[in-house]
Trainee: 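For reference, the structure I am asking about is given below.
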Amino acid sequence: MTNTDCIIEVEGLHSRFGNHVVHEDINLCVHRGEVLALVGSSGSGKTVLLRQMLGLETPAQGIVRVFGQPVHGADRNELQSMRNRWGVLFQKGALFSALSVFDNIALPMRELHTLDERMIRDLVMLKLKMVEIEAQHANKMPAELSGGMIKRIALARAMALDPELLFLDEPTSGLDPVLSEGFVKLIQALRTELTLTIVMATHDLDTLAALADRVAVLAEQRLLALGSLREVIGISHPFITNFFLGERGKKTLGNNGYIL
């Protein structure tokens, strides 16, 4: 049975690579319209789980459904239909180095084979404006861009097909505090304007506090906690205490209005 409120459902998921166990019996629902953050230490399987939701990796056991359809075992056309409804921002942007800014954003549109070049041009310029990049940068190559511009252009490409679901892998990684704050505000604005559902893997507490409706904590090969940030930090567990309530965590959460 599928829950119509769940954009993504994970049931009984186990992940392992050889003898190395990453996840055991993960069960999770990503609700329509929410921002769910996946957090955990390095090696906890945040990115593995994200990639399994995207159909880029196959779990050893269990089911992942997106839009009510199983991701693994779907035929090529079914999977492509799902992918046309989501966008992905990879950790380092993953722009194609041989393509210009314009062509990076245009690529998903051209792959549809339904839009003429004039329409594509108008849409690319719209996406650039959406992420606050001036049109004069459209012909630049990725090597000419700053880290902040790469993130914004990669976000424009992720939004190319007007997705209803957005995956963000460490969205503010590599950005200085000023650029990070600006990028978070951009995601907040797009989320509100477009009514997006967002799944985000992050280790950055400022990003977490600003964006997440719920937090899924991955540790000890399992889903250790799931709830609002306030609910999660109230759980007594060594990992949660160290991750959220260490010296840096207390300062960050205190600056974001959490009374600890």
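Predicted model only: the values in this text are computed from it and were never measured. Values below: all heavy atoms of this structure, side chains included; hydrogens, waters and symmetry mates excluded.
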Trainee: For the residue pair V64 and H72, establish whether any side-chain heavy-atom pair is separated by less than 4.5 Å.
Mentor: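 SC-SC contact between V64 and H72 confirmed.
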Trainee: If we ignore hydrogens and angles and just use 3.5 Å, is the side chain of R152 paired with the main-chain N or O of V131 as donor and acceptor?
Mentor: yes
Trainee: Quick one: pull up OG in S81 and CZ in R76 and give me the separation to the nearest 0.5 Å.
Mentor: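 Answer for the OG-CZ pair, S81 versus R76, is 14.0 Å.
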Trainee: Donor-acceptor pair, R157 side chain versus L89 backbone, under 3.5 Å?
Mentor: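 Such a contact is absent between R157 side chain and L89 backbone.
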Trainee: Between CG of L155 and CG of L166, what distance do you get to the nearest 0.5 Å?
Mentor: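 Those atoms lie 6.5 Å apart.
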Trainee: Do R222 and E24 come within less than 4.5 Å of each other through their side chains, counting heavy atoms only?
Mentor: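 In short, these two side chains do not touch, never coming nearer than 4.5 Å.
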Trainee: State, with a plain yes or no, whether a side-chain heavy atom of V215 is found less than 4.5 Å away from one of I233.
Mentor: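 V215 vs I233: side chains apart.
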Trainee: Using the rule that two of Ile, Leu, Val, Met, Phe, Trp, Tyr join whenever any of their side-chain heavy atoms come within less than 4.5 Å, decide whether L168 and L196 are in one cluster.
Mentor: yes
Trainee: Just so I know, are the side chains of V10 and L223 near enough to count as touching, which here means a heavy-atom distance under 4.5 Å?
Mentor: no
Trainee: I'd like to know if D103 and R110 make a salt bridge, using a cut-off of under 4.0 Å between side-chain N and carboxylate O.
Mentor: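 Yes, D103 and R110 are salt-bridged.
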Trainee: If you apply the rule side-chain contact (heavy atoms from CB on, under 4.5 Å), what do you find for Q52 with I26, and how did you get there?
Mentor: CA-CA 12 Å; Q52 289 169 343; I26 302 291; over 6 Å; no
Trainee: For residues M200 and I150: do they belong to one hydrophobic cluster (side chain heavy atoms under 4.5 Å, members Ile, Leu, Val, Met, Phe, Trp, Tyr)?
Mentor: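 Linked within one cluster.
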Trainee: Counting only N and O atoms by type, is there a donor-acceptor contact under 3.5 Å from the side chain of N27 to the main-chain atoms of E11?
Mentor: no
Trainee: Does the side chain of H14 reach to within under 4.5 Å of the side chain of D25, using non-hydrogen atoms?
Mentor: yes
Trainee: State the CZ-OG distance between R214 and S228, to the nearest 0.5 angstrom.
Mentor: 10.0 Å
Trainee: Show your working on side-chain contact (heavy atoms from CB on, under 4.5 Å) between I8 and V71 and close with a plain yes or no.
Mentor: CA-CA 10 Å; I8 302 172; V71 172; over 6 Å; no
Trainee: Just by modelled atom types, is the L175 backbone N or O under 3.5 Å from a matching donor or acceptor in the T172 side chain?
Mentor: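 No; judged by distance alone, with no hydrogens or angles, the pair does not exist.
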Trainee: With rounding to the nearest 0.5 angstrom, report the CD to CG distance, E170 to L38.
Mentor: 10.0 Å
Trainee: Taking the inter-plane angle between the rings of W86 and F67 on a 0 to 90° scale, is it parallel (under 30°), tilted (30 to 60°) or perpendicular (over 60°)?
Mentor: parallel
Trainee: Is the side chain of H23 donor-acceptor paired with the backbone N or O of G45 at a distance under 3.5 Å, no angle test?
Mentor: yes
Trainee: Taking V217's backbone N and O only, do any of them form a donor-acceptor pair with K46's side chain (distance below 3.5 Å, no angle check)?
Mentor: no
Trainee: Do I153 and K140 have side chains that approach each other closer than 4.5 Å (heavy atoms only, starting at C-beta)?
Mentor: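 A side-chain contact under 4.5 Å is absent here.
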Trainee: Evaluate the side-chain contact (heavy atoms from CB on, under 4.5 Å) criterion for residues D162 and K127: first the C-alpha distance (whole Å), next the side-chain angles of each, then the deciding distance (0.1 Å), finally the verdict.
Mentor: CA-CA 10 Å; D162 296 326; K127 301 306 175 184; 2.4 Å; yes
Trainee: Can any side-chain N or O of T192 pair as donor or acceptor with the backbone N or O of Q188 at less than 3.5 Å?
Mentor: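 Between the backbone of Q188 and the side chain of T192 there is a qualifying donor-acceptor contact (under 3.5 Å).
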Trainee: Got a second to check how far E181's CD is from D176's CG, nearest 0.5 Å?
Mentor: 10.5 Å
Trainee: Do T207 and T202 have side-chain N/O donor and acceptor atoms under 3.5 Å apart?
Mentor: no
Trainee: Is there a chain of hydrophobic side chains (I, L, V, M, F, W, Y, each step under 4.5 Å between heavy atoms) that links I198 to V30?
Mentor: no
Trainee: With a 4.5 Å cut-off on side-chain heavy atoms, are V101 and L128 touching?
Mentor: yes
Trainee: Atom CG of N19 and atom CZ of F17: how far apart are they, to the nearest 0.5 Å?
Mentor: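 With rounding to 0.5 Å, CG (N19) is 13.0 Å from CZ (F17).
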Trainee: For atom CD of Q136, is the number of surrounding heavy atoms from other residues, nucleotides or ligands below 6.0 Å larger than 12?
Mentor: yes
Trainee: Considering only heavy atoms from C-beta outward, does the side chain of M109 approach that of L161 to under 4.5 Å?
Mentor: yes
Trainee: So, using side chain to side chain contact (heavy atoms under 4.5 Å, CB included) as the criterion, who are the partners of Q80 when residues are at least two apart?
Mentor: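 For Q80 the side chain to side chain contact (heavy atoms under 4.5 Å, CB included) partners, ignoring immediate neighbours, are R83, N84.
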Trainee: Could you check whether any side-chain N or O of D5 sits under 3.5 Å from a backbone N or O of H31, counting only pairs where one atom can act as donor and the other as acceptor?
Mentor: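 Judged by distance alone, no pair lies under 3.5 Å.
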